[in-house]
Amino acid sequence: ISADVIGRMSIVPPIYSKDGLDVFQQGEKGHIYACFVDTSAGVGGDYSAFTLLDVTQTPYKIVVKYRNSSISPLIFPTIITEVCRRYNDAHVLVEINKSDQVAYIIQAELEYENLLFISKDKKKGQIATGGFGKHNSKPGVLMDKKVKRIGCLNLKTIIEEGKLLITDADVIQEISTFI
């Protein structure tokens, strides 16, 4: 992401902040929200994190951010679903590289319905679905080189084209050092 674009970003403090949860905007009736989840082992190294976006219209906005390096993968799904339910049952995409435990708990134990599933197609690769009709679909996305390349390129594009507003200090810092 170009330094000029990052330099134009301005930080807006959250309206609520506690235990790694930063809320920038309350959920609004009729709005569409999407939540992107990155899981970790919860042992103090990498962060378990999620970003919840208002995708009703462009520019998209970060409305909630969560980061915690010590949260157990057994507790993390409850936080995700509690927050997402307050945002019109936001659609949730969980990265499952380290473990599919978080996605499984969200689906099977917490019975959250707006969890995105991925089915594998030999020609097209991974395809996002609602989990219906495909016998080979599983909750969550496996981040391989192809998915990461496409995702990073798309993120770069929507940020540089002004289609995603980033006003969180942690996110700005992370994208400014991301390689």
Side-chain angles (χ1 to χ4, degrees), residues 1-28 31-84 86-87 90-99 101-103 106 116 128 140-179:
I1 299 171
S2 82
D4 291 345
V5 171
I6 293 171
R8 288 192 302 267
M9 293 178 181
S10 57
I11 297 169
V12 175
I15 59 174
Y16 173 84
S17 186
K18 184 177 181 183
D19 299 329
L21 181 69
D22 292 334
V23 176
F24 298 93
Q25 184 178 323
Q26 297 296 330
E28 295 183 47
H31 281 230
I32 301 166
Y33 298 96
C35 182
F36 304 95
V37 181
D38 185 15
T39 59
S40 75
V43 293
D46 195 14
Y47 286 97
S48 283
F50 66 82
T51 304
L52 197 136
L53 304 178
D54 184 338
V55 295
T56 309
Q57 61 187 14
T58 54
Y60 306 135
K61 298 176 208 146
I62 297 174
V63 293
V64 176
K65 179 206 66 185
Y66 179 83
R67 290 175 71 206
N68 189 319
S69 63
S70 60
I71 189 161
S72 164
L74 299 174
I75 298 170
F76 190 38
T78 301
I79 294 170
I80 296 165
T81 56
E82 284 177 1
V83 171
C84 288
R86 287 187 239 143
Y87 288 82
H91 300 280
V92 178
L93 182 62
V94 180
E95 175 265 327
I96 59 169
N97 282 39
K98 293 189 176 65
S99 168
Q101 182 178 30
V102 170
I106 290 171
L116 293 172
V141 62
L142 185 61
M143 293 298 291
D144 58 22
K145 288 180 182 180
K146 181 179 179 182
V147 171
K148 189 171 243 182
R149 184 182 72 245
I150 292 168
C152 288
L153 183 59
N154 285 335
L155 179 63
K156 174 182 171 39
T157 301
I158 65 171
I159 290 172
E160 289 183 346
E161 290 179 357
K163 294 179 180 176
L164 172 61
L165 297 179
I166 299 177
T167 57
D168 176 70
D170 293 326
V171 176
I172 292 170
Q173 192 278 325
E174 285 194 26
I175 64 169
S176 66
T177 59
F178 180 76
I179 297 173

When rounded to the nearest 0.5 angstrom, what is the spacing between CD1 in I6 and CD in E160?
8.5 Å
Check against side chain to side chain contact (heavy atoms under 4.5 Å, CB included), T167 and K61:
CA-CA 8 Å; T167 57; K61 298 176 208 146; over 6 Å; no
Enumerate the residue pairs fulfilling side chain to side chain donor-acceptor pair (under 3.5 Å) with a member in residues 4-18, sequence neighbours excluded, ordered by first and then second residue.
S17-D22
Are V64 and L21 packed together at the side-chain level, in the sense that at least one heavy-atom pair is separated by less than 4.5 angstrom?
yes
With rounding to the nearest 0.5 angstrom, report the CG to CG distance, D38 to L93.
11.0 Å
Out of curiosity, D168 CG to T51 OG1, how far, rounded to the nearest 0.5 Å?
8.0 Å
Here the gap from S2 atom OG to K156 atom NZ, rounded to the nearest 0.5 Å, amounts to 6.5 Å
Work out which heavy atom in A103 is nearest to a heavy atom in I96; give both atom names and the distance.
CB-CG2, 4.0 Å
For residues I71 and D19, determine if any side-chain heavy atom of one lies less than 4.5 Å from a side-chain heavy atom of the other.
no
Only counting residues at least two apart or in another chain, list the ones meeting salt bridge (charged side-chain N to carboxylate O under 4.0 Å, His left out) with E82.
none
Closest heavy-atom pair, I159 versus V5, reported as atoms and distance to 0.1 Å, is CG2-CG1, 3.8 Å
All side-chain hydrogen bond (donor to acceptor under 3.5 Å, both in side chains) counterparts of E28, not counting sequence neighbours:
Q25, H31
Tell me, please, which residues at least two apart from Y33 pass side-chain hydrogen bond (donor to acceptor under 3.5 Å, both in side chains).
none
So, using side-chain hydrogen bond (donor to acceptor under 3.5 Å, both in side chains) as the criterion, who are the partners of N97 when residues are at least two apart?
none
Interatomic distance, NZ@K65 vs CZ@F50, rounded to 0.5 Å, equals 11.0 Å
For residues Y60 and T58, determine if any side-chain heavy atom of one lies less than 4.5 Å from a side-chain heavy atom of the other.
yes
Rounded to the nearest 0.5 Å, what's the gap from OG1 on T39 to CD on Q101? Could you check?
9.5 Å
Which pair of non-hydrogen atoms, one from V102 and one from P73, has the smallest distance, and what is that distance?
CG2-O, 3.8 Å
Closest non-hydrogen contact found for A34 with A90 is N-CB, 4.3 Å
Provide the closest heavy-atom pair for V94 versus V92 in the form atom of the first, atom of the second, distance.
CG2-CG1, 3.8 Å
Between S48 and N68, is there a side-chain heavy-atom distance shorter than 4.5 Å?
no
side-chain contact (heavy atoms from CB on, under 4.5 Å) partner of L52, the single match among F36, Y66, Y87, F24:
Y87
Contacts of E161 meeting side-chain hydrogen bond (donor to acceptor under 3.5 Å, both in side chains) (sequence neighbours excluded), chain-then-number -> K163
